[in-house]
Amino acid sequence: MTGWKKLLLGVIAAGIVLLLVAISLVKIYVTPERVQELLRTGLEESLHRKVSVGKVDVSLFKGIRLERLSIRLKTGKGELLSADDIDISYDFPALFRGQLLLGKIIFKEPRLRLVRAADGRLNISDLIEGQSDSDDATDSSAGDAGGDPASALPLMVRKFSLKGGTLLFIDRKLNPQSPYLYRMENLDLDVENFSLFHPFYARLKADLNNSPVSAELNYDLVNGLQELKLRGSQLNLIPFLPYLQENLPGNLSQGGLSIEVQVEKQTAGLSIRGQIIVDQTDLNLDLDPPIRWKNIRIAVDQNLFYRQADHILEVKKLQIDLNGARLGYQGKVSFAEPLQLAGEGSLNIPDVRKIADLLPPEIAKSLGSFAAAGRLEVTLQLEGQPVSAAVVRQARLKISDLQGSFGSLRPALNGTLTYAEERLSGQQLKIDVNGQQLFLDLEAAKLLSPRPRLQLALSGETLNLDLLFPQQKEQVRSAAVEHPEQKSSKVAGVKAGNNPPPIPPVSGQAELQFAQILYHGLTLEKVKGRCLLDAGKLTLESLTARLAGGDVAVNGAAEPVKEATPFRGRYRINGINLAPVANALLPEGKGSISGSLTAEGHFNGLAGQQDLLTGLQSYGNFDMQNGEIKGSPLFDGFAKFLVNPQLQVLGFRRLHGNYGLKGKQGTIDAKLESRRVILMPKGSFSLDGPLNLTMETRLSPKLMQKSGIGGKGASLLRDESGWSLLPLKVKGRYSRPRFILDSRGIKKQLKKSVTRELGQQLQKKLGGDGKNEGSKQLQQLLDNTLQKLFGK
């Protein structure tokens, strides 16, 4: 026989020997009885529960099959786990090493029953929490107990599986009489390298309330859970409200949970990483005022480590996305009493329009009416107790194109605010409004004190008020020609009886500075203003400007009370040109006035009324020089009365006097001097009512000749200079005045004229200078006679 044939026969013989040895080992080590006893005793010793194993079939090539496995509850009646069909494979080569290594165990459609008792413990709490040291000793000694060599074989399962299982969870803690029931179906569980004494790895997936969930865990029967990876998608939270309601700040009526979290037990503590999302959330928050969240999305992305020794949570990453608004924190949280923070927080709102649903209805409605938009970014340095505002040590707020609609205006704000040591500041914050750029400087100090202090400064090159209030001029002009009875109902302002907005308990100052301010053809130059706020009292310290070649200055004060805001102040005008001012203020086609105006006076009133003029009082004097009045209804009526159209345009050298205004009632005592006429109006008037003026009028000889009044008796109404005197009364309204002769004034003037004329004639007849005794007696006789003729 050749060598190769001998070798082949040797290999065949060795294979047969090995096969026989294997069969012998299977017969010796993997008998049905041995497997049945090994599973029962091993599971009972590790699980501390009664275990029963049904019929066992052992095959060299097919493995082991169990027809029935039941693990009883530790106390009471019922089963923790049961299965009717279990397949087990084993590692054949390990038999040669004296080991029984089970390769795969498959439970088909097992049934598990978890119960939480009224005291909160689960029927598997002892397995989750791990065994005690005494248990470890017991488990270790179990492998050495008895003289049976089979009992010394270490048991290891390379893969343990549950297929299509059902988990029933019964919770008696919240309601012992009517426990809550939950069912998990289509449960698949795969466990790798299962051992009674070493950690093993497991994967689970199932349908919980028709939503898919899955988990991966590293578990040790001795030391409990080591690592957990949990995933779930759109799990309906409503069935779990009994567990959530206590920790919710309100009532949840809808919500879907998606989760992907990893929990890892480490030597120094516990690590938690992953994301939790609650979508399509309806939640009514129990706040004041209450907030209703509808269809809100909340996403939490976290990387945390909890140090058990000192109860400190290290926050490596914590981001909360609340309907687009992102909150973040990185740092430490100490759970020792009291709770302490030390780290950096952030808030990023990419679009303020999307946060309206998160706010109280009143604020959300305001944002909606303002059509607010823009982006806000806040970073915070936090240290201290979170319930105190002092926890914020430093902060930075970046404002990007923050907009809001206010009538026809839609200003936009850009800039950065910083906070440190109770001080908030912002430099050159840019305000874009209707194509104009304004700059705001802000400084607020002692923000945590009872009376913070605020400083504001608004500045710019040019401020065009026409672009800010394009309709205002038309409204003012139309209001001037309205029927008096209609006007009062259309006056803009605060409704009567409304309380003024409360002034916050702050003190400070505000400044205004512009190179020029434009308003309907007027140009205010070098505008500077400064106001102070202290203890609720607002003081306009100064407001000055150059206007039409002159100067304007105003100061005043206001102090809000319960129902209105009384104010008072003074003004001064020096040498301004009236023409451009009148063109800007007077209604078109209703006359014009020019000249150089100097005036001063004081005013006071009560803001918070429907019509500001109702509570306004003002007294002062004015002096206008080298001007002209044209197209005024008052002078048009005057020209018609004198039958002299030339008086419709009246130039004057000087118009000066005093005025008083109380509500809509006013008084005037003035004098107009020109080459042709001198007018001295005196009396009362009403802004929306009758006129009641006396107006001593002096007309030059040339003007008198052109007037349609006079006659033979006109010469008696002249003064020593030859000017005619016409005592007049003005009635009616400003828009439709009526001029009538003042009979008492005429008598008085006639008396003076006749006395003067007769006296002159008597002196000529009698001679003398009127100082001798005879002249005095004649003058006395003349006065008595005229007294009887004209009366007093």
Side-chain angles (χ1 to χ4, degrees), residues 472 475-477 479-494 496 522 540 543 547 550 552-559 564-574 576 578 581-582 584-587 590-593 595 597-624 627 629 632-635 637 652 654-672 679-696 729-737:
Q472 182 171 338
Q475 294 172 355
V476 172
R477 293 183 184 279
V481 297
E482 286 177 349
H483 193 275
E485 287 75 11
Q486 298 175 344
K487 179 178 178 181
S488 60
S489 63
K490 298 183 180 181
V491 175
V494 182
L522 287 180
L540 178 61
L543 178 62
L547 173 62
V552 177
V554 180
N555 59 59
E559 188 169 1
T565 303
F567 62 89
R568 64 184 183 278
R570 297 190 64 85
Y571 71 90
R572 179 179 54 81
I573 300 172
N574 184 26
I576 68 170
L578 275 174
V581 177
L585 300 180
L586 291 178
K590 295 300 179 180
S592 63
I593 185 170
L597 172 65
T598 297
E600 64 179 357
H602 58 87
F603 56 86
N604 61 78
L606 199 63
Q609 305 298 319
Q610 183 176 5
D611 187 352
L612 181 62
L613 291 176
T614 300
L616 178 64
Q617 297 184 48
S618 181
Y619 302 92
N621 59 75
F622 58 91
D623 192 344
M624 292 183 284
I629 300 175
S632 167
L634 190 65
F635 286 94
F652 57 87
R654 188 181 183 195
L655 172 57
H656 61 97
N658 302 313
Y659 76 90
L661 185 65
K662 186 174 182 180
K664 296 184 179 181
Q665 307 299 317
T667 60
I668 189 170
D669 185 358
K671 183 177 183 180
L672 182 148
L679 301 177
M680 290 184 286
K682 184 177 181 179
S684 64
F685 60 89
S686 175
L687 297 180
D688 56 1
L691 299 173
N692 186 17
L693 301 175
T694 62
M695 188 164 66
E696 185 175 321
K729 286 186 177 181
V730 185
K731 302 293 185 179
R733 297 178 182 274
Y734 174 80
S735 58
R736 289 168 41 178

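Any value given below was found using the heavy atoms of this structure, including those in side chains, with hydrogens, waters and symmetry copies removed.
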I need the Leu540 CG to Arg568 CZ distance, nearest 0.5 Å. 12.0 Å
Tyr659: partners by side-chain hydrogen bond (donor to acceptor under 3.5 Å, both in side chains), with sequence neighbours left out: Tyr571, Ser618
Quick one: pull up CZ in Arg570 and CG in Asn604 and give me the separation to the nearest 0.5 Å. 11.5 Å
d(Lys664 NZ, Leu616 CG) to nearest 0.5 Å is 11.5 Å
How close do Leu547 and Ile576 get, heavy atom to heavy atom, and via which atoms? O-CG2, 3.2 Å
Heavy-atom closest pair, residues Phe603 and Asn555: CZ-O, 4.0 Å
Run Glu600 and Ile573 through side chain to side chain contact (heavy atoms under 4.5 Å, CB included) and show every step you take. CA-CA 6 Å; Glu600 64 179 357; Ile573 300 172; over 6 Å; no
If the condition is salt bridge (Lys or Arg N to Asp or Glu O under 4.0 Å), which residues does Arg654 pass it with, not counting sequence neighbours? Asp623
Heavy-atom pair with the smallest gap, counting every atom of Leu679 and Phe635: CD1-CE2, 3.5 Å
Closest non-hydrogen contact found for Val730 with Met695 is CG2-CE, 4.2 Å
Which atom pair, heavy atoms only, marks the closest approach of Pro737 to Pro633? CG-O, 3.5 Å
Can you tell me how far CG of Leu693 sits from OH of Tyr734, rounded to the nearest 0.5 angstrom? 12.0 Å
Give me the atom names and distance for the closest heavy-atom approach of Leu655 to Phe622. O-CD1, 3.8 Å
Nearest 0.5 angstrom please: Asn658 CG to Lys682 NZ, how far? 10.5 Å
Starting at CD1 of Ile629, measure out to CG of Leu634 and round the result to the nearest 0.5 Å. 8.5 Å
How far apart are the C-alpha atoms of Leu597 and Val581, what are their side-chain angles, what is the distance that settles it, and do they pass the side chain to side chain contact (heavy atoms under 4.5 Å, CB included) test? CA-CA 10 Å; Leu597 172 65; Val581 177; over 6 Å; no
